[in-house]
Novice: 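Just passing along the structure, written as structure tokens.
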Amino acid sequence: MRIGIVGTGNMADALGGQWARAGHDVLVGGRDADRAAALAERIGARAGGPRDAVGHGTDAVLLAVPYGAAATVAAGLAGALADRTLIDCTNPVGPGFVLETRGGPSAAERLAAAAPGARVVKAFNLCHESVWRHSPPVFGGRPLAVPLCGDHAPALATVRRLVRDLGCEPLAAGGLDRAALLEATAALLIGLWVGEGADAQAIAPPLEYAAGG
């Protein structure tokens with residue numbers, strides 16, 4: 001698949017590197033041409049600017065920029081993003097592990113409003129970038145599960161394939177209107193992991209006990 005990545009940070013590096021190694025045609029686009037070129041060389045991709053990444057990403061575009069900049073970046077690329085599968089991995093989590101979108105639209109919904117022609121899928125926001133560098137992310141014999149929220153069936157199918165190419169299992173988490181729940185889950189988990197040093201995975205029982213088994 002042809003994948004464009006807007007951004008040159010750790011998530012672009014981790015996910016882009018895995019997808020390039022899986023045989024996908026990846027182009028990294030950043031405002032800093034030297035940084036984009038260095039990242040592309042490191043992960044085996046091509047380099048360009050943000051608009052180049054969107055143009056290249058005929059199968060999918062990963063928006064890998066900080067949450068605070070995401071809607072502005074998407075709005076600036078709105079025309080080019082029409083009919084593109086736009087993967088939102090941002091986390092609107094501020095100091096004190098506060099959800100910055102509380103009481104309003106989710107980060108993913110704000111992207112959809114900023115680029116109304118894009119097919120937004122929320123994914124890859126629950127784990128630190130280091131987790132996505134595992135090949136594959138299998139822990140205790142169980143592949144990592146990746147919840148997806150989106151409204152466009154073909155876009156969801158594309159992202160499911162990209163999840164599986166990481167060695168993970170995609171989970172259907174509902175439409176884009178449920179992305180706020182996924183983002184709130186990230187705020188809770190990050191607060192437990194980082195703030196409390198807790199094993200947040202232990203808050204949920206095994207599936208056979210989840211419904212009173």
Novice: Quick one: which of Thr90, Asn91, Thr185 gives a side chain to side chain donor-acceptor pair (under 3.5 Å) with Asn125?
Specialist: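 One option only clears the test, and that one is Asn91.
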
Novice: Strictly below 4.0 Å, N to O, side chains only: are Asp25 and Arg46 in salt-bridge contact?
Specialist: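 Looking at Arg46 together with Asp25, the answer is yes, because their closest N to O distance falls below 4.0 Å.
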
Novice: Could you note down all residue pairs passing ring-ring contact (aromatic ring centres under 6.0 Å, His included) where residues 52-90 supplies at least one of them, sequence neighbours left out?
Specialist: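 As it turns out, there is no ring-ring contact (aromatic ring centres under 6.0 Å, His included) pair with a partner in residues 52-90 once direct neighbours are skipped.
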
Novice: I'd like to know if the side chain of Arg35 pairs up with that of Thr8 as donor and acceptor (distance under 3.5 Å, no hydrogens or angles considered).
Specialist: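 Result is yes, a qualifying pair exists.
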
Novice: Do you know the tightest heavy-atom contact between Val121 and Ala155?
Specialist: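 For Val121 versus Ala155, the nearest heavy atoms are CG2-CB, 3.9 Å.
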
Novice: Using the side chain to side chain contact (heavy atoms under 4.5 Å, CB included) rule, pick out the option among Asp83, Leu86, Val61 that qualifies with Arg119.
Specialist: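 Passing option: Asp83.
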
Novice: Just do the side-chain contact (heavy atoms from CB on, under 4.5 Å) check on Asp177 and Glu109 with the steps written out, would you?
Specialist: CA-CA 7 Å; Asp177 61 339; Glu109 289 172 313; 4.1 Å; yes

Novice: Stepwise, does the salt bridge (charged side-chain N to carboxylate O under 4.0 Å, His left out) test hold for Arg2 with Asp59?
Specialist: CA-CA 5 Å; Arg2 288 170 60 93; Asp59 292 296; 5.8 Å; no

Novice: To the nearest 0.5 Å, what is the distance between CG (Leu189) and CD1 (Ile203)?
Specialist: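 It is 6.0 Å, given to the nearest 0.5 Å.
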
Novice: State whether the side chain of His134 and the backbone N or O of Pro136 hold a donor-acceptor pair below 3.5 Å, judged by distance alone.
Specialist: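 Such a contact is absent between His134 side chain and Pro136 backbone.
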
Novice: Between Phe124 and Val159, is a side-chain contact (heavy atoms from CB on, under 4.5 Å) present by the stated rule, with each step listed?
Specialist: CA-CA 10 Å; Phe124 305 112; Val159 181; 4.3 Å; yes

Novice: Do you know the tightest heavy-atom contact between Cys149 and Leu156?
Specialist: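 Residues Cys149 and Leu156, closest heavy atoms: C-CD2, 4.2 Å.
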
Novice: Minimum heavy-atom separation for Cys168 and Pro137, please, with both atom names.
Specialist: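 What the structure gives for the nearest pair is SG-CG, 3.6 Å.
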
Novice: To the nearest 0.5 Å, tell me how far Trp193 CH2 sits from Asp199 CG.
Specialist: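 With rounding to 0.5 Å, CH2 (Trp193) is 9.5 Å from CG (Asp199).
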
Novice: Begin from the C-alpha positions of Trp132 and Leu144 and carry the test side-chain contact (heavy atoms from CB on, under 4.5 Å) through to its verdict.
Specialist: CA-CA 10 Å; Trp132 305 118; Leu144 185 70; 3.6 Å; yes

Novice: List the atom of Leu39, the atom of Gly7, and the distance in Å for their closest heavy-atom pair.
Specialist: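 Shortest heavy-atom contact: CD2-O, 4.4 Å.
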
Novice: Does Leu162 reach the side chain of Ile87, with side-chain heavy atoms less than 4.5 Å apart?
Specialist: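 In contact.
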
Novice: Does Ile5 reach the side chain of Leu27, with side-chain heavy atoms less than 4.5 Å apart?
Specialist: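 When only atoms from C-beta onward are counted, Leu27 and Ile5 do not touch, as no gap falls below 4.5 Å.
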
Novice: With a 4.5 Å cut-off on side-chain heavy atoms, are Asp13 and Glu129 touching?
Specialist: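 Not touching, per the 4.5 Å side-chain cut-off.
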
Novice: Judged by atom type as modelled, is there a donor-acceptor pair below 3.5 Å linking the side chain of Arg51 to the main-chain atoms of Leu77?
Specialist: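 Not a single qualifying donor-acceptor pair exists.
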
Novice: Atom SG in Cys89, atom CG in Leu62: separation rounded to 0.5 Å?
Specialist: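 Here the rounded value is 4.5 Å.
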
Novice: Determine whether Val120 and Leu148 fall in the same hydrophobic cluster, where Ile, Leu, Val, Met, Phe, Trp and Tyr are linked whenever their side-chain heavy atoms lie under 4.5 Å apart.
Specialist: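 No, separate clusters.
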
Novice: Using the rule side chain to side chain contact (heavy atoms under 4.5 Å, CB included), only one of His24, Gln18, Arg160 pairs with Asp165; which is it?
Specialist: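 Between Asp165 and the candidates, side chain to side chain contact (heavy atoms under 4.5 Å, CB included) is satisfied uniquely by His24.
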
Novice: Side chains of Glu183 and Asp88: does their closest heavy-atom pair fall under 4.5 Å?
Specialist: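 Side-chain contact under 4.5 Å: yes.
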
Novice: So do the side chains of Leu182 and Leu126 get within less than 4.5 Å of each other, counting heavy atoms only?
Specialist: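 They are in contact (side-chain heavy atoms under 4.5 Å apart), so the answer is yes.
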
Novice: Under a 4.5 Å cut-off applied to non-hydrogen side-chain atoms, are Phe139 and Gln201 in contact?
Specialist: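 When only atoms from C-beta onward are counted, Gln201 and Phe139 do not touch, as no gap falls below 4.5 Å.
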
Novice: At their closest point, which heavy atom of Ser106 faces which heavy atom of Leu176, and how far apart are they?
Specialist: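 Nearest pair, atom of Ser106 first, then Leu176: OG-O, 4.4 Å.
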
Novice: Which atom names give the shortest non-hydrogen contact between Ala210 and Pro205, and what distance separates them?
Specialist: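 In this case the closest contact between Ala210 and Pro205 is CA-CG, 4.0 Å.
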
Novice: Would you mind reporting whether Thr101 and Arg110 have side-chain heavy atoms less than 4.5 Å apart?
Specialist: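 In short, these two side chains touch, coming nearer than 4.5 Å.
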
Novice: Using side-chain heavy atoms (C-beta onward) and a distance below 4.5 Å, is Met1 in contact with Arg161?
Specialist: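 Yes, close enough: below the 4.5 Å cut-off.
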
